[in-house]
Each structure stands twice: as structure tokens, then as C-alpha cells.
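Down below is the structure, laid out as C-alpha cells.
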Amino acid sequence: MSNDGSALTGWQWWYGHKNVVDEDALYAQEYATKDDAIAGALRDMFDGDEFYLIEAITGARADDEDEDAPFLFSHMRGKELWTRLQGVPVFVRAVS
């Protein structure tokens, strides 16, 4: 359970466009595997776009009454920066 009493998920992979994550700390969607998260990012990104991958456990939404509100991460690990070049994912670096 999280501090607010909501159930926590297991570890899931998330991706987010670098600019959106840097400005608003928002990730797009959760996936069961890292490969699935990369595939999802490639569908949404253009060549030259950078995106983060992160593995996280989530709890409650930031606003329980808004189904579009982002989930809050209770734990995170493995944050990486990637880019899309000619439709292919390219690892840039691990991020602390």
C-alpha cells in the first residue's frame, strides 16, 4: 500500500517525450516490458526526438476524480535517455 492507502502496481515500464518529462514530469503510458515501451515510444516519436524510459511502481492518480490525471510514481529505477534515428531506437545514456 502507498502512504494514501491505495494499492501499488508491480514494476512497469513507462516512456515520455524528453521535453514533456523535463518540464512537467509526465510519462505517456505504462507497458509490461521494456521492449513494449520502446515500441510505443517509436510509434509516437519522430526522428530526432528524445525520450526517457523508466521502470516504476505507481499508486494513486494525482487527482483521484480525474481519470486523465497522471499516476504518481512511488518507486522508480533504471531511467534511460533514448532517441529515435531513422525509425530505430538508439540508447543515449543512463540518467540518475
Query - SB check K34 E80 (cutoff 4.0 Å) - result: yes
Query - Sidechain-backbone polar pair: D49 side chain, H17 backbone, donor-acceptor under 3.5 Å - result: no
Report task. Determine, step by step, whether L53 and W82 satisfy the side-chain contact (heavy atoms from CB on, under 4.5 Å) criterion, reporting the C-alpha distance in whole Å, the side-chain angles of both residues, the deciding distance to 0.1 Å, and the verdict. Result -> CA-CA 7 Å; L53 287 179; W82 290 70; 3.3 Å; yes
Query raised in the report: What are the two closest heavy atoms between W14 and Q12, and how far apart are they?
Result: CD1-O, 3.4 Å
Query raised in the report: Are K79 and Y52 in a cation-pi setup, meaning NZ or CZ lies under 6.0 angstrom from the ring centre and within 45 degrees of the ring axis?
Result: yes
**Report entry** side-chain contact (heavy atoms from CB on, under 4.5 Å) assessment of K18 paired with F51
**Finding:** CA-CA 5 Å; K18 182 181 183 303; F51 60 95; 5.8 Å; no
Query - Under 3.5 Å donor-acceptor, S74 side chain and I57 backbone - result: yes
Query - Any donor-acceptor N/O pair, D47 side chain to Q86 backbone, under 3.5 Å - result: yes
Report summary line: Rounded to the nearest 0.5 Å, the NE2 atom of H75 sits from the CG atom of L8 at a distance of 6.0 Å
Report summary line: Smallest heavy-atom separation, L42 atom then G87 atom, equals CD1-O, 4.0 Å
Query raised in the report: Would you say R84's side chain and M45's backbone share a donor-acceptor pair under 3.5 angstrom?
Result: yes
**Report entry** Common cluster, L85/F91, ILVMFWY with side-chain heavy-atom separation under 4.5 Å
**Finding:** no
Report summary line: So OH of Y15 and CG of D36: to nearest 0.5 Å the spacing works out to 12.0 Å
Report summary line: Exactly one candidate in L26, V21, D22 meets side chain to side chain contact (heavy atoms under 4.5 Å, CB included) with D24; the answer is L26
Report task. May I ask you to test the F73-I54 pair for a side-chain heavy-atom distance under 4.5 Å? Result -> yes
Query raised in the report: Can you get from Y27 to V95 by hopping between Ile, Leu, Val, Met, Phe, Trp and Tyr side chains that sit under 4.5 Å apart?
Result: yes
Requested in this report: Take E30 and T58 through the side-chain contact (heavy atoms from CB on, under 4.5 Å) test and state the conclusion after the steps.
Outcome: CA-CA 10 Å; E30 78 275 5; T58 61; over 6 Å; no
Requested in this report: State, to 0.1 Å, how close A37 and W13 come at their nearest heavy-atom pair, and which atoms those are.
Outcome: CB-CB, 3.8 Å
